[in-house]
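Report on the structure given below.
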Amino acid sequence: HVDLFRTYLQYIRTIKEGKPDFKDSVIKAFEFALECVGHDIGSTSIWTDFISFLKAQATTSNFEDGQKMTSIRRIYQRAITNPMHNVDALWREYEAYEKGLNETLAAGLLKEHHSRYLSTRTTYRERKVNYQGIMLSALPVPLKGTEDERRQINLWKSVIQFEMGNPQKLDEKQLASRITYSYKEAVTNLYHCSEMWYMAAKYQIDQNNTEGTQMLFEQAIHAMPRCMLLHFAYAEFHEARKNVKAARQIYEKLVECNPDPLVFIQFMRFSRRTEGMDMARKIFVQAHKSGKLGFQAYVASALLEYRVNKDPAVGHKIFELGMKKFASEPS
């Protein structure tokens with residue numbers, strides 16, 4: 001993530017070089033990068049590059065000098081409250097910067113921010129311990145269920161649990177942003193881990209963040225298009241909000257790429273709940289004609305008729321269909 005944004009920043013600087021909006025465009029790009037990956041424990045280079053860029057800008061008046069000084073101070077003060085690598089060096093840089101401007105004013109400002117820096121340094125050391133063992137540069141390949149993979153999953157869970165404890169004493173909005181970023185890191189690293197995707201989406205649901213939830217689920221089913229867990233959870237999310245059409249589209253998409261019996265069973269149950277028994281029967285008939293239906297779906301459909309619709313005759317017919325289709329298969 002951080003390396004990607006460093007490349008992005010270099011690209012913006014290259015294409016805007018020599019243009020009237022060069023400075024404003026690069027500053028906006030830096031702010032965007034910090035918004036996206038500024039929480040990262042390895043984001044130090046973006047913060048320091050931003051400060052260096054601001055320091056290198058020429059000024060032509062006292063007013064511009066003041067604006068430049070304020071901008072640099074603001075970035076330093078934001079940076080020293082972010083638990084990341086080399087935060088000690090950043091603090092020393094900030095000290096030198098303030099003292100170089102005005103020794104008297106520096107004493108008050110540094111005293112005000114020193115306790116925040118100390119808290120940041122403590123949190124950084126704890127965060128660093130939690131990141132130990134995580135293979136941040138590993139390629140996101142499909143999981144095979146190995147012990148090493150389980151260890152990586154558990155390490156990411158520990159990181160997220162640590163951040164949920166709010167070691168930085170952030171306000172509610174800032175804490176949600178910090179935890180969301182940790183989940184984004186985790187699913188980027190464990191791109192084919194349905195458990196981590198589900199946890200990330202569930203957190204957004206708990207935060208009542210509808211847009212964030214949908215975005216995560218869309219990314220999740222793109223990453224794992226045959227995963228039943230993620231599709232079922234996404235469909236349930238829409239169903240709970242009375243968005244039946246969206247939920248149906250999720251089931252239809254899953255049926256196409258993964259015609260597993262459980263998918264049809266869940267699709268039938270969903271249809272009965274939201275559109276009635278006729279729609280559930282329609283799905284069963286379509287699947288029966290397609291030849292994709294496993295025996296489990298016949299059993300589920302028959303029991304749905306018998307127990308929910310209270311129609312044993314129809315249930316009996318479905319059992320007969322299933323017995324005829326799967327008579328030669330072992331039990």
Apply side chain to side chain contact (heavy atoms under 4.5 Å, CB included) to Ile27 and Leu54, showing your working. CA-CA 8 Å; Ile27 288 175; Leu54 292 173; 4.0 Å; yes
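- Salt-bridge formation is not detected for the pair Glu35/Lys28: no Lys NZ or Arg NE/NH1/NH2 atom is positioned less than 4.0 Å from an Asp or Glu carboxylate oxygen.
- The two residues Ile160 and Ala186 make their nearest non-hydrogen contact at CD1-CB, 4.3 Å.
- Here the side chain of Lys310 pairs a donor or acceptor atom with the backbone of Arg307 at under 3.5 angstrom.
- Under a 3.5 Å cut-off, the side chain of Asn166 and the backbone N or O of Leu170 do form a donor-acceptor pair.
- Atom CD1 of residue Ile72 and atom OG of residue Ser52 lie 9.5 Å apart, to the nearest 0.5 angstrom.
- Atom NZ of Lys253 is separated from atom SG of Cys257 by 7.5 Å, given to the nearest 0.5 angstrom.
- Note on ring orientation: taking the six-membered ring where Trp is involved, the planes of Tyr181 and His1 are tilted (angle from 30° to 60°).
- Both Phe270 and Leu262 sit in one connected hydrophobic cluster of ILVMFWY residues. Membership requires side-chain heavy atoms under 4.5 Å apart, directly or through other members.
- A continuous path of Ile, Leu, Val, Met, Phe, Trp and Tyr side chains, each step under 4.5 Å between heavy atoms, connects Val159 with Leu216, placing both in one hydrophobic cluster.
- In the hydrophobic cluster analysis, where Ile, Leu, Val, Met, Phe, Trp and Tyr join through side-chain heavy atoms closer than 4.5 angstrom, Phe5 is grouped together with Phe50.
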Assess whether side chain to side chain contact (heavy atoms under 4.5 Å, CB included) is satisfied between Arg150 and Asn154, documenting all intermediate values. CA-CA 6 Å; Arg150 176 46 58 183; Asn154 288 336; 3.5 Å; yes
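- One distance of note links NZ of Lys99 with OH of Tyr94; it measures 11.5 Å at 0.5 Å rounding.
- A donor-acceptor contact shorter than 3.5 Å links the side chain of Asn102 to the backbone of Leu105.
- Under the 3.5 Å distance criterion, with hydrogens and angles disregarded, no donor-acceptor pair is assigned to the side chains of Glu95 and Tyr117.
- A donor-acceptor pair under 3.5 Å links the side-chain atoms of Thr180 to the main chain of Ala176, judged by distance alone.
- Remark: Met224 CE to Trp197 CH2 distance equals 10.0 Å, nearest 0.5 Å.
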For Phe284 and Tyr298, run ring pair (Phe, Tyr, Trp, His ring centres under 6.0 Å): C-alpha distance rounded to whole Å, both residues' side-chain angles, the deciding distance at 0.1 Å, then the answer. CA-CA 8 Å; Phe284 171 77; Tyr298 285 84; 5.3 Å; yes
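- Counting only N and O atoms by type, the side chains of Gln266 and Tyr251 include no donor and acceptor under 3.5 Å apart.
- The salt bridge (charged side-chain N to carboxylate O under 4.0 Å, His left out) analysis of residues 104-130, with sequence neighbours excluded, yields the pairs Glu112-Arg116, Arg127-Glu163.
- Each of Lys245, Arg281, Arg248 was compared with Glu275 under the salt bridge (Lys or Arg N to Asp or Glu O under 4.0 Å) criterion, and only Arg248 meets it.
- For Lys68 (side chain) and Gln57 (main-chain N/O), a donor-acceptor pair under 3.5 Å exists by modelled atom type.
- Between the side chains of Thr59 and Asp65, at least one donor-acceptor pair of N or O atoms lies under 3.5 Å.
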For the pair His113 and Trp91, evaluate ring pair (Phe, Tyr, Trp, His ring centres under 6.0 Å) and give the outcome as yes or no after the intermediate values. CA-CA 10 Å; His113 290 279; Trp91 170 255; 7.8 Å; no
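- Looking at Asn243, its side chain never comes within 3.5 Å of a backbone N or O of His238 through a donor-acceptor pair.
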Pair Val2-Ser45, side chain to side chain contact (heavy atoms under 4.5 Å, CB included): steps then yes or no: CA-CA 9 Å; Val2 172; Ser45 60; 4.2 Å; yes
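- For Ser25 (side chain) and Phe22 (main-chain N/O), no donor-acceptor pair under 3.5 Å exists by modelled atom type.
- Leu303 CG to Ile265 CD1: the interatomic distance, rounded to the nearest 0.5 Å, is 9.5 Å.
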Just do the side chain to side chain contact (heavy atoms under 4.5 Å, CB included) check on Leu304 and Asn309 with the steps written out, would you? CA-CA 6 Å; Leu304 202 62; Asn309 203 41; over 6 Å; no
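- Judged by distance alone, with hydrogens and angles left aside, the side-chain atoms of Asn189 form a donor-acceptor pair with the main-chain N or O of Met135 at under 3.5 Å.
- In this structure, Phe217 and Tyr234 have parallel ring planes: the angle between them is below the 30° cut-off, well short of the 60° mark.
- Every pair passing salt bridge (charged side-chain N to carboxylate O under 4.0 Å, His left out) that includes a residue from residues 42-62 is listed here, sequence neighbours excluded: Arg6-Asp49.
- Side chains of His316 and Glu320: a donor on one and an acceptor on the other come within 3.5 Å.
- Remark: the backbone N or O of Ser115 is not paired with any side-chain donor or acceptor of Ser119 at under 3.5 angstrom.
- Between atom CG of residue Leu136 and atom CG of residue Asp40 there is a gap of 7.5 Å, rounded to the nearest 0.5 Å.
- Panel note: side chain Ser182, backbone Arg178; a donor-acceptor pair is recorded below 3.5 Å.
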Go through the steps for Tyr124 and His85 under the test ring pair (Phe, Tyr, Trp, His ring centres under 6.0 Å), then give the verdict. CA-CA 8 Å; Tyr124 163 68; His85 300 319; 5.6 Å; yes
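- Tyr183 and Gln204 share no donor-acceptor pair across their side chains, judged by distance under 3.5 Å alone.
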